[in-house]
Amino acid sequence: MSNAIRDFWSSNHKLEETGFASCRRITCSDGYNVSVQASAYHYCHPREYLPDGTYSKWELGFPTAHDSLLDDYAEDPKDPLSPVYGYVPTEVVNALIAKHGGIRS
C-alpha cells in the first residue's frame with residue numbers, strides 16, 4: 001500500500017515559529033475531504049514535529065462525510081461527523097484516502 005498521507009503531508013505542511021505544524025485539507029478524487037494534522041499540538045504519534053511525516057498515528061478533523069473507517073477514533077462516537085478523530089493509524093488514513101479514489105489536491 002502506498003503511503004499517500006506521508007507523501008502529501010511532507011510536501012504540503014508548514015511549520016510555525018511556535019512549533020505548530022499544519023497542512024492544507026486533503027481532497028480526494030470523489031470529493032471527500034478531511035483535515036489531517038500532526039505535531040506536538042495534535043493527537044498524533046509521536047507528539048512532536050517530524051518534517052518527513054513519519055508519524056504512526058494522525059489527527060483527522062472535520063470530514064465532509066461519514067466514513068466507517070474512522071468510527072473507532074471519533075472524539076464523540078455518537079456524532080458521525082465528529083470534529084476530531086485522534087490517533088488514527090497511518091494504515092487507516094491511507095486506506096481512507098484509497099477508498100475515496102486517492103488524493104486529487
Side-chain angles (χ1 to χ4, degrees):
M1 181 180 284
S2 75
N3 204 329
I5 185 52
R6 182 182 298 163
D7 295 343
F8 182 85
W9 193 88
S10 64
S11 61
N12 288 283
H13 79 278
K14 63 180 179 178
L15 179 65
E16 306 294 333
E17 289 180 21
T18 61
F20 183 86
S22 62
C23 189
R24 65 187 178 93
R25 290 180 69 84
I26 290 176
T27 300
C28 294
S29 294
D30 67 358
Y32 178 87
N33 68 76
V34 64
S35 172
V36 181
Q37 306 296 331
S39 77
Y41 301 95
H42 294 99
Y43 299 124
C44 63
H45 189 298
R47 287 189 80 176
E48 61 184 79
Y49 174 62
L50 300 176
D52 61 358
T54 54
Y55 296 94
S56 62
K57 296 180 181 180
W58 302 80
E59 178 182 306
L60 279 65
F62 304 98
T64 54
H66 171 255
D67 192 295
S68 61
L69 287 174
L70 298 178
D71 286 350
D72 291 340
Y73 309 98
E75 181 176 56
D76 179 0
K78 296 176 185 173
D79 180 2
L81 289 176
S82 184
V84 176
Y85 298 82
Y87 303 102
V88 181
T90 296
E91 298 78 22
V92 173
V93 179
N94 284 325
L96 181 72
I97 292 167
K99 180 178 178 181
H100 291 280
I103 297 172
R104 180 175 71 204
S105 65

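Here the CG atom belonging to Leu96 is positioned 9.5 Å from the OG atom belonging to Ser68, to the nearest 0.5 angstrom. In this structure, the separation between CG on Leu60 and OH on Tyr73 is 10.5 Å, given to the nearest 0.5 Å. One distance of note links OG1 of Thr27 with OH of Tyr32; it measures 11.0 Å at 0.5 Å rounding. Between the CG atom of Asn94 and the CZ atom of Arg6 there is a distance of 8.5 Å, given to the nearest 0.5 Å. Taking CD of Glu59 as the reference point, atom OH of Tyr87 lies at 8.5 Å (rounded to 0.5 Å). We find the CG-SG distance between Leu15 and Cys23 to be 12.5 Å, quoted to the nearest 0.5 Å.
A donor-acceptor pair under 3.5 Å is absent between the side-chain atoms of Ser82 and the main chain of Ala74, judged by distance alone. Without hydrogens or angle criteria, Thr90 side chain to Ser56 main chain gives a donor-acceptor distance under 3.5 Å. In this structure, the side chain of Arg47 does not engage the main chain of Ser39 through any donor-acceptor pair within 3.5 Å.
Shown here for Ser10 and Asp7, the closest heavy-atom pair between the two residues is OG-O, 3.2 Å. Closest approach of Cys44 to Pro46, counting heavy atoms only: SG-O, 3.4 Å.
Taking the side chain as every heavy atom from C-beta outward, Ile5 and Asn3 approach each other to under 4.5 Å. Looking at heavy atoms from C-beta onward, Asp71 lies out of side-chain contact with Pro77 at the 4.5 angstrom threshold. Looking at heavy atoms from C-beta onward, Asn33 lies out of side-chain contact with His100 at the 4.5 angstrom threshold.
Taking the six-membered ring where tryptophan is involved, the planes of Trp9 and Tyr55 are perpendicular, since the angle between them exceeds 60° and thus also 30°.
Cluster annotation: Val36 is not connected to Tyr41 through the hydrophobic network of ILVMFWY side chains, with a link wherever side-chain heavy atoms come within less than 4.5 Å. No chain of hydrophobic side-chain contacts below 4.5 Å, direct or via other Ile, Leu, Val, Met, Phe, Trp or Tyr residues, connects Val34 to Tyr43. Trp58 and Tyr49 end up in the same hydrophobic cluster when Ile, Leu, Val, Met, Phe, Trp and Tyr side chains are linked at under 4.5 Å.
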Begin from the C-alpha positions of Leu69 and Val88 and carry the test side chain to side chain contact (heavy atoms under 4.5 Å, CB included) through to its verdict. CA-CA 10 Å; Leu69 287 174; Val88 181; over 6 Å; no

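A side-chain N or O of Gln37 and one of Ser35 form a donor-acceptor pair less than 3.5 Å apart.
Taking the six-membered ring where the residue is Trp, the centroids of Phe8 and His13 are separated by 6.0 Å or more.
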